[in-house]
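Both ligands and their constituent atoms are indexed starting at 1 by order of listing. Just so you know, residue 1 is the first one in the sequence shown, and it goes up from there.
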Amino acid sequence: MKYKRILLKLSGEALMGEKQYGIDPIRLDKYTQEIKGVKATGVEIAIVIGGGNIFRGVQAENLTIDRVQGDYMGMLATVINGMALQSALEKSGMYTRLMSGINMEQVCEPFIRRRAVRHLEKGRIVIFGAGIGNPYFTTDSTASLRAVEIEADVVMKGTRVNGVYSADPEIDPEAIRYDRLSFEEAYSKGLNIMDLTAFTLCQENDLPIIVFDMNKPGNLLKIINGSMEVGTIIAN
Ligand code: UDP
């Protein structure tokens, strides 16, 4: 296998599937099968899931909710998604732990780095919920930070397009896809890969990012076993 320990970032929005809000059971099941295929190879898997399908902090302003309050609502949304994913993975025979950046013992474990690493070593899939536990951050930043903390080999950002393009491929048919970019190139071209906090954390810690299409069956496994170049890799 090309990687021993990965951090998979899934957006909350992706979990909506064809729906306008919430969790689409079909999409959840598809993701479960993709993750199961990779787990079978023995790779250690940590997952950060977003909350955009339920609530985003920036939405708060339109609802006359204080931004910080809104961010906490967003973090709680990621726990709801994490619980759904945990349940789906366990129903499919995988062992999991949900760890939260905000303490809520009745629901999940608190995030303790050493314990997270131990779970991974024991073959459990670790889902990191509630972001990093602080407002004004995103789940992309959570993915970068947790990946650095647990010494993952790579952050794999599952999206609905197959990598990083020069323009939005869903709008511009001329957009070209990059196979590989350095952090410097991605930054100087103004490519929107992750928010800058998340991006810089990866760059400074020499942690590669792979952006790939999570909705295409088998993609995740192809990247892990190195059988095919999929998506775009951003590395120093
Ligand atoms: N959030 C936060 N701190 C964190 C992670 C997330 O405040 O460390 C909040 C923020 O309001 C964000 C929301 O949780 O908008 C949901 O996360 P995100 O927007 O990253 O989800 P995604 O876009 O991946 O679905």
Ile127 reachable from Val48 in the ILVMFWY side-chain graph, under 4.5 Å edges:
no
Side chain to side chain contact (heavy atoms under 4.5 Å, CB included) with Phe128: which of Met99, Glu149, Arg97?
Met99
Does an N or O from Leu10, backbone or side chain, lie closer than 3.5 Å to an N or O of ligand 1?
no
Out of all atoms in ligand 1, which are within 4.0 Å of some heavy atom of Gly131? Include the element for each.
4 (C), 5 (C), 8 (O)
Would you say Asp140 and Thr138 are linked by a side-chain donor-acceptor pair, where the criterion is simply a distance under 3.5 Å?
no
Identify the protein heavy atom lying closest to atom 15 (O) of ligand 1, giving its residue, its atom name and the separation to 0.1 Å.
Gly57 N, 3.2 Å
Give the residue, atom name and distance (to 0.1 Å) of the protein heavy atom nearest atom 18 (P) of ligand 1.
Thr139 OG1, 3.4 Å
Atom 6 (C) of ligand 1: the protein heavy-atom neighbour that sits closest, reported with distance to 0.1 Å
Phe137 O, 3.6 Å
Is the closest heavy-atom distance from Ala77 to ligand 1 below 4.0 Å?
no
For atom 11 (O) of ligand 1, what's the nearest protein heavy atom and its distance?
Asp71 OD1, 2.5 Å
Just checking, is any N or O donor in the side chain of Asn219 or Asp213 under 3.5 Å from an acceptor N or O on the other one?
no
Heavy-atom distance to atom 23 (O) of ligand 1: which of Arg56, Glu13, Gln69 wins?
Arg56
Could you list which atoms of ligand 1 come closer than 4.0 Å to a heavy atom of Gly52?
21 (O), 22 (P), 25 (O)
Distance col, row Ile6:CD1 vs Ile224:CD1, nearest 0.5 angstrom, shows 4.0 Å
Assess whether salt bridge (charged side-chain N to carboxylate O under 4.0 Å, His left out) is satisfied between Asp179 and Arg177, documenting all intermediate values.
CA-CA 7 Å; Asp179 288 334; Arg177 187 177 68 81; 3.1 Å; yes
Under 4.0 Å, heavy atoms only, figure out whether ligand 1 is touched by the backbone of Phe55, its side chain, both or neither.
backbone
Applying side-chain contact (heavy atoms from CB on, under 4.5 Å) to Ile209 and Phe183, what does each step give before you reach the verdict?
CA-CA 9 Å; Ile209 307 168; Phe183 284 96; 3.8 Å; yes
Heavy-atom proximity to atom 13 (C) of ligand 1, best of Ser11, Gly12, Gly74
Gly74
Hey, does Ile132 come in under 3.5 Å of ligand 1, counting only N/O atoms on both sides?
yes
Considering only non-hydrogen protein atoms, determine which one is nearest to atom 3 (N) of ligand 1 and report residue, atom name and distance to 0.1 Å.
Asn134 O, 2.7 Å
Could you see which bit of Thr142 sits under 4.0 Å from ligand 1, with heavy atoms only: side chain, backbone, both or neither?
side chain
Using a 4.0 Å heavy-atom cut-off, say whether Lys9 meets ligand 1 through its side chain, its backbone, both or neither.
side chain
Could you walk me through whether Tyr72 and Asn134 satisfy the side-chain hydrogen bond (donor to acceptor under 3.5 Å, both in side chains) test, starting with their C-alpha distance in whole Å, then the side-chain angles of each, then the deciding distance to 0.1 Å, before giving a yes or no?
CA-CA 8 Å; Tyr72 279 112; Asn134 282 91; 5.5 Å; no
Looking just at side-chain N and O atoms, do Asn225 and Tyr3 make a donor-acceptor pair shorter than 3.5 Å?
no
Go through the side-chain N and O atoms of Ser166 and Lys189 and say whether any donor and acceptor fall under 3.5 Å apart.
no
As an exercise, identify every atom of ligand 1 less than 4.0 angstrom from a heavy atom of Gly50.
21 (O), 22 (P), 24 (O), 25 (O)
For atom 21 (O) of ligand 1, closest protein heavy-atom neighbour
Gly51 N, 3.1 Å
